[in-house]
Engineer: 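Structure provided below as structure tokens; questions to follow.
Each chain gets a letter, A, B and so on, in the order the sequences are listed, and its residues count up from 1.
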Number of protein chains: 2
Amino acid sequence: MSQDHKTHGSSIVLTERGLGQLLTALAPQQTLSKGETKAIIDLDPRVAQYAPRTVINSQGDQNDTTYFVYSGWGCTYVDLPDGSRQIADFQLRGDIIGLRADGATWEESFHAISEMIVLELSTKDINAALGAAPKLAIRFLFALARKSAIRGEHLVNIGRRSASVRLSHLLLELGARLEAVGLAGPEGYDCPLTQHDLADALGLTAIHVNRMLRELRQSDLLSFRNGKVVFPNPEAVASFAHFDGDYL
Amino acid sequence: MSQDHKTHGSSIVLTERGLGQLLTALAPQQTLSKGETKAIIDLDPRVAQYAPRTVINSQGDQNDTTYFVYSGWGCTYVDLPDGSRQIADFQLRGDIIGLRADGATWEESFHAISEMIVLELSTKDINAALGAAPKLAIRFLFALARKSAIRGEHLVNIGRRSASVRLSHLLLELGARLEAVGLAGPEGYDCPLTQHDLADALGLTAIHVNRMLRELRQSDLLSFRNGKVVFPNPEAVASFAHFDGDYL
DNA sequence: CGAACAGTTGAGCGCGTTCAACCATCGTGG
DNA sequence: CCACGATGGTTGAACGCGCTCAACTGTTCG
């Protein structure tokens with residue numbers, strides 16, 4: 001527990017070889033070529049570890065950092081003047097956070113939910129490197145397009161679906177994303193989220209999330225207790241939630 | 001009035017010089033260099049015109065097209081099994097739609113609200129060209145990052161704000177985006193949206209949008225009648241809606 | 001042992017919905 | 001030319017989903 005993990009995380013020193021291994025694990029959707037891996041390593045990324053429930057980057061910070069998630073759960077969100085919070089997306093292994101135009105402001109905060117290990121790179125350096133590594137730029141483009149599709153699905157979810165469907169859909173999405181990086185099976189997964197986190201992602205209150213979870217449990221659609229999400233009947237929930245993972 | 005404008009639009013033939021002019025108008029946020037413009041022209045884009053209220057691209061279509069908006073208003077949305085609709089974003093002059101990984105499916109529909117003129121390019125061709133034109137790839141990356149930020153703000157809007165604030169926020173956002181491309185002043189703009197469109201973007205019903213518009217009009221915050229949005233007191237609405245255009 | 005935090009359950013309220021009319025405008029065809 | 005249907009907008013009444021307020025339980029950590 002470093003003295004400054006709240007804003008900077010504790011730094012971990014890795015050999016170049018270790019970094020390469022991290023990176024191969026970082027691109028689950030699309031394997032990086034050797035050249036691409038090298039392009040990132042040349043940027044001299046910092047590997048940082050953050051304790052659970054710490055802020056990694058706060059909205060409005062003039063912070064020039066882009067993050068790659070190696071392990072743990074995080075979320076990007078915005079705090080509102082009235083004290084409420086909206087989570088835009090959860091950040092899991094392999095996700096990229098904060099990629100943007102050099103100089104553009106970053107209007108969301110980034111928070112570690114469980115303990116996280118992330119790669120930190122200078123956004124400016126990345127932008128410079130992308131010019132020389134077009135293949136890498138395209139990969140980032142597609143990663144961003146995927147993230148954008150996920151946000152689109154969240155919009156549909158919050159805008160047009162009932163609370164119980166909304167909740168099941170999100171838990172199914174997280175399951176599918178975790179499965180893609182080998183952290184879940186079709187029957188369930190470990191989930192460090194609180195009911196409050198879920199509420200903030202779904203535009204609900206924690207109290208109502210609680211009631212919906214009970215309802216879903218009682219209808220044998222899914223159960224979320226003690227940090228474990230379980231789908232007793234995967235087809236049944238998917239159909240109930242109108243979940244189709246093609247957008248992922 | 002082509003016989004097939006419903007799915008394909010009527011094609012317009014332009015000289016290379018005309019295309020160049022179109023493109024300079026297309027990148028309002030960031031001026032394209034000559035080389036970049038040429039890279040796009042080399043892709044042999046098709047200029048198409050769509051009648052108001054026609055579908056340009058339907059969700060699930062195996063369509064390999066990326067669109068650039070030259071003029072008019074459109075929206076990307078998804079239709080749900082129960083007949084409701086969620087608009088993810090409105091598409092205005094200069095916006096890019098449908099950029100994605102080669103082969104990735106496109107889970108949203110694209111609809112012309114007013115008459116639209118758009119550039120159509122093969123996504124595959126774009127992907128190929130980006131490899132050779134890294135600068136262009138970075139521009140697209142940033143355009144996408146901006147779109148992603150807009151979606152994030154829409155999530156906040158739908159998830160955590162009351163109907164009247166939500167509505168004002170969206171109308172302010174559209175105003176700011178139009179202003180950036182020279183189609184609006186701070187005091188208002190022409191808007192071809194129906195109350196139903198607004199409802200579908202905001203996760204509300206058209207009936208409630210109607211009531212909120214009346215409320216906002218009566219409190220002198222904004223008026224939207226006969227296709228014109230007017231802000232009698234721009235500072236007052238912005239403060240009421242907690243609108244800060246930095247994310248745009 | 002007590003404080004802090006997450007989860008649980010109940011009662012009642014209110015925002016936004018649904019259902020139902022009705023009006024205004026516009027393009028069309030008899 | 002006017003009748004007509006279609007579309008978008010407007011208003012009222014009542015319902016209900018999800019919220020607020022409040023109390024209580026369970027667990028973890030100092």
Side-chain angles (χ1 to χ4, degrees), chain A residues 1 51-54 73 80 82-87 111 113-115 157-171 190-218 222-229, chain B residues 1 51-54 73 75 80 82-87 111-115 157-171 190-218 222-229:
Chain A
M1 311 326 163
R53 300 293 161 184
T54 51
W73 288 53
L80 298 182
D82 68 353
S84 62
R85 183 173 72 139
Q86 177 64 45
I87 294 180
H111 180 100
I113 291 171
S114 62
E115 178 164 291
N157 218 17
I158 297 188
R160 288 293 181 218
R161 296 205 253 250
S162 72
S164 56
V165 173
R166 224 185 277 189
L167 178 52
S168 339
H169 196 281
L170 176 59
L171 291 176
D190 291 338
C191 173
L193 302 179
T194 65
Q195 295 181 354
H196 198 91
D197 293 329
L198 289 171
D200 285 345
L202 295 169
L204 298 169
T205 56
I207 297 175
H208 201 59
V209 166
N210 182 291
R211 290 193 236 271
M212 294 301 101
L213 282 174
R214 172 157 46 94
E215 211 174 280
L216 292 168
R217 201 183 321 123
Q218 284 167 355
L222 66 84
S223 110
F224 175 30
R225 304 199 94 160
N226 307 318
K228 290 207 184 299
V229 174
Chain B
M1 308 306 165
R53 301 292 162 184
T54 51
W73 289 52
C75 67
L80 298 182
D82 69 352
S84 62
R85 184 174 71 139
Q86 176 65 47
I87 294 180
H111 180 101
I113 292 172
S114 63
E115 178 165 289
N157 218 17
I158 297 189
R160 288 295 181 213
R161 297 205 252 249
S162 72
S164 56
V165 172
R166 225 185 277 191
L167 178 52
S168 340
H169 196 280
L170 176 58
L171 291 176
D190 291 337
C191 173
L193 301 180
T194 65
Q195 294 180 356
H196 198 91
D197 292 330
L198 289 171
D200 284 345
L202 295 168
L204 297 170
T205 56
I207 298 175
H208 201 59
V209 165
N210 182 289
R211 290 192 235 271
M212 294 301 100
L213 282 174
R214 171 157 46 94
E215 211 174 280
L216 291 168
R217 201 183 321 124
Q218 285 168 355
L222 66 85
S223 108
F224 174 31
R225 306 198 92 162
N226 308 318
K228 290 206 184 301
V229 175

Engineer: D200(B) has an atom CG; how far is it from atom P of dG8(D), in whole Å?
Structural biologist: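 Going from D200(B) (CG) to dG8(D) (P), I get 12 Å.
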
Engineer: Which value, rounded to the nearest 0.5 Å, describes the distance between L193(B) atom CG and I113(B) atom CD1?
Structural biologist: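 Answer rounded to 0.5 Å: 5.0 Å.
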
Engineer: Any side-chain N or O of R161(A) under 4.0 Å from OP1/OP2 of dC17(D)?
Structural biologist: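 It does not, given that no N or O in the side chain of R161(A) lies less than 4.0 Å from OP1 or OP2 of dC17(D).
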
Engineer: Rounded to whole angstrom units, what separation is found between the CZ atom of R217(B) and the P atom of dG9(D)?
Structural biologist: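 To the nearest whole Å, that distance equals 11 Å.
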
Engineer: For the pair made of CG in L202(A) and P in dG18(D), what is the distance, rounded to whole Å?
Structural biologist: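 Taking atom P of dG18(D) as the reference, CG of L202(A) is at 11 Å.
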
Engineer: Looking only at the side chain of T205(A) (C-beta and beyond, no hydrogens), which of the listed nucleotides dT20(D), dG16(C), dT17(C) gets closest?
Structural biologist: dT20(D)

Engineer: On the nucleotide dC19(D), are OP1 or OP2 found under 4.0 Å from the side-chain N or O atoms that R160(B) carries?
Structural biologist: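 For R160(B), the contact criterion (side-chain N or O under 4.0 Å from OP1 or OP2 of dC19(D)) is not met.
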
Engineer: Nearest to the N210(A) side chain among dG9(D), dT20(D), dG7(C), which nucleotide is it?
Structural biologist: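 Of dG9(D), dT20(D), dG7(C), dG7(C) is nearest to the side chain of N210(A).
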
Engineer: Is the phosphate of dT7(D) approached by Q195(B) (side-chain N or O, under 4.0 Å from OP1 or OP2)?
Structural biologist: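 No, because none of the side-chain N or O atoms of Q195(B) sits under 4.0 Å from OP1 or OP2 of dT7(D).
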
Engineer: For L204(A) and for H196(B), find the nucleotide of DNA chain D with the closest heavy atom, then tell me which residue's nucleotide is more 5'.
Structural biologist: H196(B)

Engineer: Would you classify G203(B) as touching base, sugar-phosphate or nothing, given that sugar-phosphate means primed atoms plus P, OP1 and OP2, and contacts are heavy atoms under 4.0 Å?
Structural biologist: sugar-phosphate

Engineer: On the side chain of R211(B), is there an atom forming a donor-acceptor pair with the base of dT18(C) - under 3.5 Å, no angle test?
Structural biologist: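 Counting by modelled atom types and ignoring angles, a donor-acceptor contact under 3.5 Å is found here.
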
Engineer: Expressed as a whole number of angstroms, how long is the span from M212(B):CE to dG16(C):P?
Structural biologist: 6 Å

Engineer: Taking R161(A) first and then D82(B), would you say they form a salt bridge - that is, a charged N and a carboxylate O separated by under 4.0 Å?
Structural biologist: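 Salt bridge: no.
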
Engineer: Regarding R214(A), tell me which of base, sugar-phosphate or nothing describes its non-hydrogen contacts under 4.0 Å with the strands shown.
Structural biologist: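 Answer is sugar-phosphate: R214(A) comes under 4.0 Å of backbone atoms only.
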
Engineer: In whole angstrom, give the distance that lies between atom CD of E215(A) and atom C1' of dT9(C).
Structural biologist: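 My rounded result for the distance is 14 Å.
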
Engineer: Given atom CG of D197(B) and atom P of dG8(D), what is their separation to the nearest angstrom?
Structural biologist: 8 Å

Engineer: Which heavy-atom pair separates H111(B) from R53(B) by the least distance, and what is that distance?
Structural biologist: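 Nearest pair, atom of H111(B) first, then R53(B): NE2-CA, 3.6 Å.
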
Engineer: Given atom CZ of R166(B) and atom P of dC15(C), what is their separation to the nearest angstrom?
Structural biologist: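 Distance check: R166(B) CZ to dC15(C) P gives 13 Å.
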
Engineer: Could you check whether I207(B) gets within reach of a base, just the sugar-phosphate, or nothing at all, counting any heavy atom under 4.0 Å?
Structural biologist: base

Engineer: Taking the side chain from S168(A) and the backbone from S164(A), do they hold a donor-acceptor pair closer than 3.5 Å?
Structural biologist: yes

Engineer: Would you say the side-chain atoms of D197(B) pair up with the backbone N or O of T194(B), donor to acceptor, closer than 3.5 Å?
Structural biologist: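 Looks like yes, one N/O pair under 3.5 Å.
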
Engineer: Rounded to whole Å, please give me the gap between NE2 in H208(B) and P in dC19(C).
Structural biologist: 17 Å

